[in-house]
There are 2 protein chains.
Amino acid sequence: MSSRSPSVAQPHNSPEVPAGPLASRPLYLQARDLLLRRIVDGTWKPGGYLPSEPQLALDLGVSIGTIRKAMEDLVGQGLLERQHGRGTQVVPHSSDRSRFRFLRFVHGDGRPLRPVAHVLAAATARADARDRAALGLGAGAKVLVLLRTRSEDGVPLIYERIALPAEPFAALNAEPGTDMLEEIYVLYQARCGQTVARARDTIATDRASPAIAEALGCPPETPLLLVCRVAVALTGAPIEYRQSWTAALAYRSDLD
Amino acid sequence: MSSRSPSVAQPHNSPEVPAGPLASRPLYLQARDLLLRRIVDGTWKPGGYLPSEPQLALDLGVSIGTIRKAMEDLVGQGLLERQHGRGTQVVPHSSDRSRFRFLRFVHGDGRPLRPVAHVLAAATARADARDRAALGLGAGAKVLVLLRTRSEDGVPLIYERIALPAEPFAALNAEPGTDMLEEIYVLYQARCGQTVARARDTIATDRASPAIAEALGCPPETPLLLVCRVAVALTGAPIEYRQSWTAALAYRSDLD
DNA sequence: GAGTGGTCTAGACCACCCA
DNA sequence: GGGTGGTCTAGACCACTCA
């Protein structure tokens with residue numbers, strides 16, 4: 001099995017062939033992609049455990065060291081979590097332990113925020129130009145638009161507009177007037193099978209529109225912080241365009 | 001050499017001793033810290049090359065695999081850069097390739113910024129309360145305060161106040177009225193021997209003070225984006241507290 | 001062609017979790 | 001006690017860089 005054609009990529013070429021066009025791709029990358037594919041397609045569910053290293057090594061026809069290197073990559077991306085003595089788990093999005101620790105809202109004095117989300121509206125609509133640009137959609141595409149506030153101790157601190165591609169998110173079932181107790185990325189995953197892999201945030205200033213002013217209880221034209229986020233799925237496709245407005249909060253990158 | 005006391009940590013204990021209080025710390029972590037120490041103390045200068053893996057393995061009395069694991073950690077932190085066939089280099093801060101690719105100013109339309117910095121003032125002063133809190137200084141401590149603007153095509157876009165602990169930065173030699181052609185972290189490193197390892201940014205809104213309004217050419221009380229950064233050295237000690245105000249720009253996290 | 005890092009393997013031993 | 005991941009080693013072969 002030490003010829004360069006393990007079951008990871010090719011069925012089994014003859015040893016003389018100097019390796020096909022893609023055969024030279026490192027085994028651990030092939031293994032990583034295969035693991036990733038099985039996470040994406042749900043073979044291993046979020047919260048579930050992978051087979052053990054020796055088992056995977058046997059299955060893929062590579063050595064344990066190669067499996068470990070593939071896993072380390074996925075652990076670094078925050079997709080897998082290894083627990084000594086227990087096994088390797090597909091990381092679930094959870095309210096407490098989101099993959100997005102690096103950028104978050106905080107109070108002006110640095111205290112972390114524990115907001116509750118309240119859905120103001122949820123409707124399917126034609127995507128506007130910015131939605132289409134952010135989500136890579138065509139001209140007539142439809143999006144599911146959520147408007148919500150996020151409050152702490154009953155005080156609305158953040159006003160959010162979230163645009164999602166209509167098709168994969170039809171099952172989201174966000175009811176206007178209800179509170180969302182779960183972190184929304186948990187819902188994407190549980191109800192729509194969409195796992196957010198990473199996100200890019202752009203932060204700017206804006207002024208309160210009448211609707212935002214009413215929702216946040218501030219005068220119109222109040223200067224606000226506006227955070228625009230594009231979140232992408234494991235496949236690399238953008239799946240969320242989110243705008244968050246806040247008057248009282250700051251936004252922070254974690255130190256390491 | 002397969003007993004648990006390589007030259008990395010202990011000189012050479014007798015094999016029977018069940019390992020000292022710290023002896024159980026994994027070898028690759030000990031090796032990593034030793035490499036880090038030599039980077040910090042300047043044994044290997046930024047831009048310079050480390051000895052080869054076999055050489056280091058021999059020096060530290062561990063296997064190449066252990067050295068590699070230590071290096072991978074430092075590569076992940078952005079301190080080392082490996083080049084196939086050439087060697088392993090201590091990453092220098094450079095104008096083009098800063099270690100802080102993850103958060104940066106951009107134009108409103110997303111174009112990257114290429115600003116030139118102009119020093120307005122540079123003076124040693126008593127640290128104010130926020131400086132002391134950010135830099136972990138005591139009551140009477142002194143800081144070097146730089147005021148500067150950053151312009152593109154002659155248009156001032158960012159106003160900055162930078163506070164640095166007076167002692168290690170006495171050699172900075174920033175002359176009021178001059179332009180800083182180098183990325184400032186290059187100067188910290190070259191003139192003061194201070195290497196910035198990472199930073200935490202907090203982003204909020206503010207309004208233009210008279211001084212800022214004049215520097216940026218906007219009316220007083222204009223709403224601004226305010227980015228506060230605390231940068232820490234390789235040792236973990238905070239060495240820079242920076243406030244950046246801008247009216248026209250956005251701030252962005254890189255995707256990945 | 002000599003030297004460097006990159007990939008891959010095989011196997012030993014340890015530390016942790018759980019039944 | 002059996003299984004899991006964590007550390008560590010030794011060595012083979014490949015790919016890249018530079019003289």
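Values reported hereafter were calculated over all heavy atoms of this structure, with side chains retained and with hydrogens, waters and symmetry mates removed. So you know, we letter chains A, B, ... as the sequences are listed, proteins then strands, and number each from 1.
Remark: B:Q55 pairs with B:D59 by the side-chain hydrogen bond (donor to acceptor under 3.5 Å, both in side chains) rule, at least two apart or across chains. Checked against side-chain hydrogen bond (donor to acceptor under 3.5 Å, both in side chains), B:T88 has no partners two or more places apart in sequence or in another chain.
Atom CD of B:E160 sits about 9.0 Å away from atom CZ of B:R229, to the nearest 0.5 Å.
C:dG5 atom C1' lies 12 Å from atom OH of A:Y28, rounded to whole Å. Taking atom CD1 of A:I64 as the reference point, atom C1' of D:dC8 lies 14 Å away to the nearest angstrom. Atom OH of A:Y49 is separated from atom C1' of C:dC17 by 10 Å (rounded to the nearest Å). Going from atom NZ of B:K69 over to atom C1' of C:dG5 covers 19 Å, rounded to whole Å. Remark: P of D:dA10 and CG of B:L27 are 12 Å apart, rounded to the nearest angstrom. Whole-Å rounding puts the B:L29 CG to D:dC8 C1' distance at 13 Å. Between A:R68 atom CZ and C:dA12 atom C1' there is a gap of 14 Å when expressed in whole angstrom units. Per the geometry, CG belonging to A:L50 stands 12 Å off P belonging to D:dT4, to the nearest Å.
One finds a side-chain N or O of B:T66 lying less than 4.0 angstrom from the OP1 or OP2 phosphate oxygen of D:dT9. OP1 or OP2 of D:dT4 has at least one side-chain nitrogen or oxygen of A:S52 nearer than 4.0 Å.
Side chain of A:Q89 to main chain of A:L50: no donor-acceptor pair is present (N/O by atom type, distance under 3.5 Å, no hydrogens or angles).
Using modelled atom types and a 3.5 Å distance limit, the side chains of A:R200 and B:S253 yield no donor-acceptor pair.
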Close N or O pairs between protein and nucleotides 15-19 of chain D (under 3.5 Å):
unit_1 : atom_1 : unit_2 : atom_2 : d
D:dA15 : N3     : B:H84  : NE2    : 2.8
D:dC18 : OP1    : B:R86  : NE     : 3.3
D:dC18 : OP1    : B:R86  : NH1    : 2.5

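Taking the six-membered ring where the residue is Trp, A:Y251 and A:F105 present tilted rings, their angle falling between 30° and 60°.
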